[in-house]
Enquirer: 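Sending over a structure as structure tokens; questions will come in a sec.
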Amino acid sequence: MNAIAQLKKDITPEGQDYETVREVIELITEEYRDQPSLEMLADRLGQSPTQLQKTFTRWAGLSPKAFLQAVTLDHAKRLLRKEDLPLLETSFEVGLSGPSRLHDLFVTHEAMSPGEWKARGSGLVMRYAFHISPFGLALIMVTDRGLAGLAFSDAGNEKACLADMTCRWPNAQFIEDPNATAPYAGRIFERSNWSSDQPLRVVLIGSDFQLRVWESLLKIPMGRAVTYSDIAKDIGQPTAMRAVGAAVGRNPISFVVPCHRALGKNGQLTGYHWGLTRKRAMLGWEAGDV
């Protein structure tokens with residue numbers, strides 16, 4: 001069994017936009033009834049309104065006011081009931097995201113065989129590294145077949161994040177290799193690199209049920225959300241909402257396999273493995289490009 005992978009150096013970033021965004025989301029979550037103004041938020045963060053405005057425009061392409069609207073419950077409900085975008089029953093080419101995702105990250109995926117999954121990573125070499133992302137530190141894990149893991153961490157929690165991911169494939173060999181993972185970071189988080197001509201290669205490692213849930217998640221276009229019940233119906237098991245929720249929570253490739261677009265039936269954000277603040281941030285960030 002492989003020993004727990006270790007970080008070679010401290011990669012805690014300083015002064016990143018996401019830290020400001022995270023603080024704002026936490027403030028508006030605590031004080032949403034007061035609908036805090038830009039001036040009030042800036043004062044709480046020790047910034048000028050102009051500084052805060054520039055941060056959000058740079059980070060999400062939205063003003064703070066537009067971003068706050070994008071992370072409200074009402075906005076989540078609108079995502080669920082949009083009628084001008086295709087629902088999950090829309091047909092998709094095998095392994096490739098559908099043509100409706102004009103503003104989305106195009107993905108082509110393959111699934112490891114049941115035997116490979118049961119081996120819990122035996123014989124598998126995973127290269128990993130942390131990279132700066134719009135949502136804090138991103139842990140990227142790749143194999144020779146493509147992206148296999150994407151997780152997120154706040155500064156100071158990198159070791160716990162790494163342990164969380166490596167324990168999913170305890171028999172794999174883990175090699176810290178930022179040169180191998182950096183191109184994936186650029187493809188995932190730089191919107192200008194999103195192209196249907198060069199889809200991102202992803203390898204899904206899970207049980208048959210998990211694979212079907214994750215493949216269903218890949219059908220959800222940016223600017224749209226579905227419920228756990230929608231996913232259960234899509235995979236042909238309409239009464240399996242609880243099991244679907246568990247599989248969504250075990251998604252090893254967050255953001256790329258967009259589990260953040262799965263909501264409760266009334267638009268509640270429910271849970272997110274890497275924190276509800278980060279889920280709100282992702283939905284708000286995507287709102288700037290739809």
Enquirer: To the nearest 0.5 angstrom, please state how far the OG atom of Ser48 sits from the CG atom of Asp43.
Expert: 11.0 Å
Enquirer: Determine whether Leu204 and Glu110 make a side-chain contact, defined as any pair of heavy atoms from C-beta on separated by less than 4.5 Å.
Expert: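 Side-chain contact under 4.5 Å: no.
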Enquirer: Counting C-beta onward and ignoring hydrogens, is there a side-chain heavy-atom pair between Gln47 and Thr20 closer than 4.5 Å?
Expert: yes
Enquirer: Side chains of Thr181 and Phe130: does their closest heavy-atom pair fall under 4.5 Å?
Expert: no
Enquirer: Would you please test Leu200 and Ile188 for side-chain contact (heavy atoms from CB on, under 4.5 Å) and show each step?
Expert: CA-CA 8 Å; Leu200 179 69; Ile188 295 166; 3.8 Å; yes
Enquirer: At their closest point, which heavy atom of Leu137 faces which heavy atom of Glu158, and how far apart are they?
Expert: CD1-OE2, 3.1 Å
Enquirer: Rounded to the nearest 0.5 Å, what separates atom CG in Asn157 from atom CG in Leu162?
Expert: 12.5 Å
Enquirer: For atom CZ of Arg58, decide whether the heavy atoms of other residues, nucleotides or ligands shown that lie under 6.0 angstrom number more than 12.
Expert: yes
Enquirer: Report the distance from atom OG of Ser153 to atom CG of Asp164, rounding to the nearest 0.5 Å.
Expert: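 Ser153 atom OG to Asp164 atom CG measures 10.0 Å (nearest 0.5 Å).
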Enquirer: Is Trp214 close to Cys259 at the side-chain level, that is, under 4.5 Å between some pair of heavy atoms?
Expert: no
Enquirer: Indicate yes or no: does Glu19 engage Arg22 in a salt bridge with an N to O separation below 4.0 Å.
Expert: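 Yes, this pair counts.
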Enquirer: Could you go step by step and tell me if Leu124 and Met126 meet the side-chain contact (heavy atoms from CB on, under 4.5 Å) rule?
Expert: CA-CA 6 Å; Leu124 193 64; Met126 283 200 177; 3.6 Å; yes
Enquirer: Within a strict 4.5 Å, meaning less than it, do heavy atoms of the Glu23 and Arg44 side chains meet?
Expert: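 No, every pair of side-chain atoms sits at 4.5 Å or beyond.
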Enquirer: Less than 4.5 Å apart, side chain to side chain, heavy atoms only: is that true for Val21 and Thr277?
Expert: no
Enquirer: Check for a donor-acceptor pair, side chain of Trp59 on one end and backbone N or O of Pro134 on the other, with a separation under 3.5 Å.
Expert: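 Yes; judged by distance alone, with no hydrogens or angles, the pair exists.
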Enquirer: Go through it in stages, so that I can follow the logic: the residues are Met141 and Arg127, the test is side-chain contact (heavy atoms from CB on, under 4.5 Å), and I'd like the CA-CA distance, side-chain angles, deciding distance and then a yes or no.
Expert: CA-CA 6 Å; Met141 311 181 82; Arg127 301 181 182 276; over 6 Å; no
Enquirer: To the nearest 0.5 Å, how far apart are CG in Leu283 and CE in Met222?
Expert: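 One gets 10.5 Å once the value is rounded to the nearest 0.5 Å.
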Enquirer: Arg261 side chain to Ile220 main-chain N or O, any donor-acceptor pair under 3.5 Å?
Expert: yes
Enquirer: What are the two closest heavy atoms between Val24 and Leu52, and how far apart are they?
Expert: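 Shortest heavy-atom contact: CG2-CD1, 4.1 Å.
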Enquirer: Who pairs with Tyr184 by ring pair (Phe, Tyr, Trp, His ring centres under 6.0 Å), at least two apart in sequence or on another chain?
Expert: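 Not a single residue meets the ring pair (Phe, Tyr, Trp, His ring centres under 6.0 Å) criterion with Tyr184.
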Enquirer: Can you see which heavy atom on Met165 is nearest to which on Leu150, and at what distance?
Expert: CE-N, 4.0 Å
Enquirer: Between Ile235 and Val213, which heavy-atom pair has the shortest distance, and what is it?
Expert: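 Here Ile235 and Val213 meet closest at CD1-CG2, 3.9 Å.
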Enquirer: Name the one of His273, Glu286, Arg278 that satisfies side chain to side chain donor-acceptor pair (under 3.5 Å) with His260?
Expert: Glu286
Enquirer: Got a second to check how far Glu215's CD is from Asp234's CG, nearest 0.5 Å?
Expert: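 CG of Asp234 is found 10.0 Å from CD of Glu215.
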Enquirer: Could you go step by step and tell me if Tyr128 and Ile140 meet the side-chain contact (heavy atoms from CB on, under 4.5 Å) rule?
Expert: CA-CA 5 Å; Tyr128 72 92; Ile140 295 177; over 6 Å; no
Enquirer: Looking at every non-hydrogen atom in both residues, tell me the closest pair between Ala262 and Ile231 and how far apart they are.
Expert: CB-CD1, 4.2 Å
Enquirer: Strictly distance-based, threshold 3.5 Å: is any side-chain N or O of Asn171 a donor or acceptor partner for the main-chain N or O of Ala119?
Expert: yes
Enquirer: How long is the gap from OG on Ser207 to CZ on Arg212, to the nearest 0.5 Å?
Expert: 8.5 Å
Enquirer: Does any part of the side chain of Phe152, heavy atoms only, come nearer than 4.5 Å to the side chain of Cys161, both counted from C-beta?
Expert: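 Side-chain contact under 4.5 Å: no.
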Enquirer: Please say yes or no: joined through hydrophobic side-chain contacts below 4.5 Å, possibly via intermediate residues, are Met241 and Leu211 part of one cluster?
Expert: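 No, Met241 and Leu211 fall in different hydrophobic clusters.
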Enquirer: Which pair of heavy atoms, one from Thr227 and one from Gly264, lies closest together, and at what distance?
Expert: CG2-O, 3.8 Å
Enquirer: Going by the side-chain contact (heavy atoms from CB on, under 4.5 Å) test, name the single residue among Phe135, Tyr272, Trp274 that passes it with Lys279.
Expert: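 Single pass found, and it is Tyr272.
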Enquirer: For the residue pair Tyr228 / Thr270, report whether a side-chain donor-acceptor contact shorter than 3.5 Å exists.
Expert: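 Side-chain D/A pair, Thr270 to Tyr228: present.
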